[in-house]
> 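One structure, as structure tokens, below. Some questions next.
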2 protein chains.
Amino acid sequence: MPVPVVPYSEVDVLVIGAGPAGLMCANALANARVNVRVVDKRAVKVAAGQADGISPRTIESYGIAERLIRESVQVHQAAFYNPSSSGGIELTSRAPDVTAPSARYPFEVALHQGAIESIFLDSMTALGVEVERSTVPTSIEISKDENELMDSASHPVRVTLQRLDVPEGQPQEEIVHAKYVVGTDGAHSWVRKQFDIAMEGEQSEFIWGVLDMVPDTDFPDVRNKSLVHSNHGSVLLVPREQDRIRVYMQLEDKDIINPATGRVDKERMGPEEMLDVARRSLYPYKLIPTTGILWWTLYIIGQRVASRFSIKNRVFIAGDACHTHSPKAGQGMNASMNDAHNLAWKIALLVRGWAEPSLLSTYESERRKYALDLISFDKMFSTLFSGKPLTEENSHGVAPEHFMKTFQKFGGFTSGIGVHYNPSVAVSDRNQEVASGLVIGERFPPYKFIRAADAWPFEIQDLLPSDFRFKLLVFTGDFSDPLQQARVKSMVANIQKPESFLNRYATPGKNSGNPRFDIITISKGQKEGFDLLQFPTLLRSHWSKVFIDDTDFTSSFGGRGYLYYGVGPEGALVAVRPDGYIGAIAPLDHVEELDAYFASFMKISA
Amino acid sequence: MPVPVVPYSEVDVLVIGAGPAGLMCANALANARVNVRVVDKRAVKVAAGQADGISPRTIESYGIAERLIRESVQVHQAAFYNPSSSGGIELTSRAPDVTAPSARYPFEVALHQGAIESIFLDSMTALGVEVERSTVPTSIEISKDENELMDSASHPVRVTLQRLDVPEGQPQEEIVHAKYVVGTDGAHSWVRKQFDIAMEGEQSEFIWGVLDMVPDTDFPDVRNKSLVHSNHGSVLLVPREQDRIRVYMQLEDKDIINPATGRVDKERMGPEEMLDVARRSLYPYKLIPTTGILWWTLYIIGQRVASRFSIKNRVFIAGDACHTHSPKAGQGMNASMNDAHNLAWKIALLVRGWAEPSLLSTYESERRKYALDLISFDKMFSTLFSGKPLTEENSHGVAPEHFMKTFQKFGGFTSGIGVHYNPSVAVSDRNQEVASGLVIGERFPPYKFIRAADAWPFEIQDLLPSDFRFKLLVFTGDFSDPLQQARVKSMVANIQKPESFLNRYATPGKNSGNPRFDIITISKGQKEGFDLLQFPTLLRSHWSKVFIDDTDFTSSFGGRGYLYYGVGPEGALVAVRPDGYIGAIAPLDHVEELDAYFASFMKISA
């Protein structure tokens with residue numbers, strides 16, 4: 001009997017798990033023309049339920065806002081309910097759902113996970129990448145050869161994949177050699193377990209019930225995010241597409257622990273029992289599912305973070321594989337996609353041979369710190385959310401105003417807008433004073449500028465797409481001032497020297513444009529008399545690259561961008577990372593500061 | 001030899017000509033689920049060139065803004081050039097391209113006609129309607145039987161269609177019996193000629209040359225709409241997608257008349273000769289096509305309007321078949337699509353048996369008046385545009401400031417925002433004082449209101465889609481004021497009486513919602529304490545139907561809608577036509593005013 005030949009292949013990146021984190025990662029890499037494969041054990045994609053909340057920062061990110069907004073519902077308002085004197089609950093206050101003044105989209109959107117995944121799946125399909133379903137990894141190992149690990153062209157990770165859906169007798173196994181492997185395989189991550197990565201944090205677990213329905217109700221805030229504290233428990237309502245709502249409720253151990261065994265017994269709690277729990281909390285309002293319970297689940301979750309997010313900068317875990325926490329701050333899917341967003345461009349630069357492995361180390365340092373912050377927030381917020389309300393009988397309960405203030409105080413965090421990465425090779429903390437409103441290590445804040453060539457107003461974030469290039473924003477100041485003009489011309493001369501990063505990291509063989517850097521010019525000036533042809537050609541590689549800090553023709557916006565960004569009349573150079581985060585700032589007469597920044601992780605093309 | 005049998009069929013509406021007007025019409029009818037066919041003599045759709053300018057009103061209309069804006073370029077700024085002292089031209093001033101304060105989109109967009117047609121074609125395809133190409137009508141006649149003409153279920157128009165692309169021996173002819181025929185077959189309309197409709201107006205004709213190119217140029221305003229007066233002629237530049245520009249130039253008779261014959265000879269003027277004409281006008285700036293001339297044409301046009309737009313309210317002409325004029329105000333495609341937009345909902349209502357033929361008469365009265373206004377404007381503007389500039393030698397020339405002021409003064413007209421329909425069965429001019437900012441006979445102006453259920457801000461125009469329903473906007477005033485509450489409740493009682501239009505024109509057999517009327521409630525109030533459940537159910541048929549005149553959470557907009565619309569504390573009832581025009585206004589305590597309005601053209605279902 002012949003020994004079956006196991007197929008063997010190579011790939012740049014293998015993504016294991018096709019949830020939101022995995023699809024975000026695979027799609028981003030496909031967009032960067034990286035050779036990527038993505039596998040998932042499930043035979044079909046999720047059709048309903050699962051995660052549903054998208055934060056303001058996630059909407060701004062990845063260029064998916066238009067479709068996301070078209071398909072989703074917007075959540076603008078939060079309503080807070082507390083016990084009333086007559087035994088039920090009553091409206092205490094309403095407030096903006098998002099408290100983050102610089103948010104481009106000052107709202108959350110809600111949409112079922114399957115629809116969000118479809119956005120990435122459709123994009124990937126157009127790029128020729130499909131999820132390989134019914135496929136599980138059965139072994140993974142990283143080469144121990146240090147030379148191989150240091151060689152960016154090597155494929156040091158060996159994964160065995162098994163197909164679950166092939167007829168007997170056909171080959172079911174395949175050996176894949178990958179440059180990089182990303183494990184986005186969920187809270188019970190197989191990848192994480194293979195490398196014995198511990199989940200650190202509280203051992204205690206919380207039980208959550210979730211229902212989706214189209215309600216018949218007289219609850220006045222059924223289309224708002226409603227945070228309900230009652231004497232019978234806490235409930236969170238989230239509006240959803242197609243008149244649906246989602247109901248989250250925290251359950252008590254007694255609801256679900258089998259007293260005979262002392263262990264969790266999911267059979268004790270079905271959708272009808274959950275609905276009863278919700279109804280007790282919402283009394284005196286009625287809540288009747290008009291078309292049944294459309295989806296439901298029960299989950300038991302701890303507040304924990306993985307001890308490591310990467311192994312030898314060749315295997316990474318991201319998303320739920322790295323962090324587990326409660327659903328109530330709506331962070332889960334956002335944290336997962338943002339992990340992947342942080343990782344994808346770094347891997348892409350390595351695969352292209354444009355960056356040193358040190359860049360990859362910033363994935364763990366940036367995202368693990370974020371995950372720890374998320375867990376801290378979740379603990380604090382969970383305690384408030386699940387705590388008994390303040391009543392005459394319970395003088396240690398949660399005061400409504402304290403809960404609402406906390407909700408608002410952490411708006412920067414929960415919106416994703418306030419995420420801050422510490423200094424590293426990818427974040428230089430020098431020269432913050434040159435652009436005090438552009439916080440180094442945070443995402444570039446939105447503002448509208450007028451395109452010089454045609455007075456078309458542009459949101460600057462739209463000029464900073466996740467296209468794997470660094471954006472170099474040149475704030476020239478007022479070019480009609482002779483002194484400032486001289487300063488700009490001197491900067492241009494310096495940046496064009498052979499030893500400057502712009503030429504040092506030019507990619508040979510490319511004759512049109514610089515694939516690594518995109519230069520965008522933002523000048524002071526008025527549209528009526530502005531002449532963009534006055535600028536050195538480096539600052540106007542195309543007519544569309546020059547913007548002015550002026551109001552639009554309807555005087556509705558614009559004109560105070562320098563002030564908002566804290567950039568003085570001397571101008572500034574700002575390097576924005578491919579993921580939209582501010583990496584470095586320099587004065588115009590210190591181009592060498594940017595040389596140093598890029599030298600810390602960038603590689604000269606071979 | 002057997003006599004060939006000519007196929008015979010019936011259709012509700014036959015559209016002849018698949019340019020922008022015909023496609024707009026066919027798509028609108030398909031959306032209304034009207035049985036429609038559209039034929040065109042051309043074998044393929046236009047691929048490049050042709051019309052390209054879309055006005056602000058056209059962008060707001062038909063629900064195509066999102067795709068239009070994604071694919072097109074925006075024109076925000078106009079630049080005016082005039083002779084300089086050194087012999088060439090120089091920049092005189094820049095100004096907003098659109099001067100229409102209430103425009104929702106304060107810019108024009110430019111995109112080639114083929115891309116615009118694709119928007120309609122894709123929509124039609126999804127509805128199962130395809131253009132039948134290579135097909136020409138060869139005969140058309142309307143029944144002379146008055147009873148048949150008065151019967152809305154009859155098919156009194158008989159058209160013979162001939163297929164041009166079938167193999168010999170196969171049937172090439174088909175007889176179509178239609179309820180209505182729309183001739184959107186261009187300036188040389190076959191339909192118009194069959195009914196001997198005269199084109200009235202100036203006999204003199206003007207010759208225009210047009211070029212599309214990607215330019216290499218040092219002309220500073222190449223990405224703006226540039227209106228150039230030079231001593232060598234006038235040129236209009238329009239920016240286009242993919243770095244292209246369009247160059248329009250008016251040519252002189254001597255350029256194109258063969259002196260031997262005294263007749264137009266198109267052979268005398270090719271793209272190279274046109275480019276020379278443009279270059280002379282643009283001196284000292286260079287204009288070099290980098291990838292050749294991408295498209296060009298030459299056309300000879302008079303300023304004329306058809307004497308009639310309809311025959312017995314059964315056959316209509318629309319678009320270029322009705323009006324011809326110069327291209328320079330960018331009105332052609334807009335006027336054509338807006339003709340069709342005006343006509344389609346009226347035909348749809350007739351086909352459904354919901355309206356009397358008197359409604360159809362308003363097509364000619366509304367659109368012919370507009371066409372006459374357009375020709376008057378075109379004559380005046382052409383004279384200024386083509387006139388010699390004011391110079392020392394030419395003291396009767398056109399003064400730059402006069403030209404620019406005229407350009408701005410007519411911004412309401414050229415934007416399409418200011419189109420005004422006179423009183424008719426479809427426009428009642430009573431009660432204007434009840435909502436002084438909502439001009440009866442004009443389009444409903446945009447404003448943002450906050451949805452009561454979830455504080456989601458909505459542009460009111462998005463609540464008034466072209467879906468063939470009349471929108472009844474109920475401005476309730478402040479419902480927490482007991483007097484006003486009583487007034488609203490009394491209005492609701494009146495409007496629910498059997499003899500009120502709402503019940504009188506209810507369509508039997510429909511048990512959910514009213515297919516003819518959509519009721520939208522706009523209340524005064526603040527989102528923080530508002531309870532939409534307080535309203536009578538008629539005013540909240542769905543939770544999404546109630547809006548409040550309040551600011552959004554970022555205090556960026558909203559909150560002054562009553563003031564902007566001139567609606568007082570007593571509220572108002574406003575009937576908006578399916579095409580977004582204001583048809584009638586009534587005080588809350590005079591519902592009978594709306595009864596009278598709808599009785600003037602609406603029909604009780606059989």
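By convention in this document, chain letters (A, B, ...) are assigned in the order of the sequence lines, proteins followed by strands, and residues within each chain are numbered from 1. As the structure is a prediction and not an experimental result, all values here were calculated from the model.
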> Measure Ala79(A) against the heavy atoms of chain B and call it side chain, backbone, both or neither at under 4.5 Å.
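Neither part, no heavy atoms under 4.5 Å.
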
> Shorter than 4.5 Å, heavy atoms on both sides: which option in Ala95(B), Pro101(B), Pro239(B) has the most such pairs with chain A?
Ala95(B)

> What is the minimum heavy-atom distance between Pro96(A) and Phe553(B), and which atoms define it?
CG-CD2, 3.4 Å

> Examine whether an atom of Phe557(B) lies under 4.5 Å from a heavy atom of chain A, and if so say whether it belongs to the side chain, the backbone or both; otherwise answer neither.
neither

> Measuring heavy-atom distances to chain B, does Val222(A) have an atom under 4.5 Å in its side chain, in its backbone, in both, or in neither?
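No part of Val222(A) comes within 4.5 Å of chain B.
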
> So which donor and acceptor atoms of chain B and chain A come within less than 3.5 Å of each other?
from	atom 1	to	atom 2	distance (Å)
Glu66(B)	OE2	Arg70(A)	NH1	2.3
Arg70(B)	NH1	Glu66(A)	OE2	2.3
Gln74(B)	OE1	Trp456(A)	NE1	2.9
Arg94(B)	NH1	Lys527(A)	O	2.7
Arg94(B)	NH1	Phe530(A)	O	2.9
Arg94(B)	NH2	Phe530(A)	O	3.1
Asn224(B)	ND2	Ala453(A)	O	3.4
Asp243(B)	OD1	His542(A)	NE2	3.2
Asp243(B)	OD1	Trp543(A)	NE1	3.3
Asp243(B)	OD2	His542(A)	NE2	2.7
Ala453(B)	O	Asn224(A)	ND2	3.4
Trp456(B)	NE1	Gln74(A)	OE1	2.9
Lys527(B)	O	Arg94(A)	NH1	2.7
Phe530(B)	O	Arg94(A)	NH1	2.9
Phe530(B)	O	Arg94(A)	NH2	3.1
His542(B)	NE2	Asp243(A)	OD1	3.2
His542(B)	NE2	Asp243(A)	OD2	2.6
Trp543(B)	NE1	Asp243(A)	OD1	3.3

> Check each atom of Pro106(A) against the heavy atoms of chain B and say whether the ones under 4.5 Å are side chain, backbone, both or neither.
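Contact with chain B involves the side chain of Pro106(A) alone.
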
> Of the backbone (N, CA, C, O) and the side chain (C-beta and beyond), which part of Phe107(A) lies under 4.5 Å from a heavy atom of chain B, both, or neither?
neither

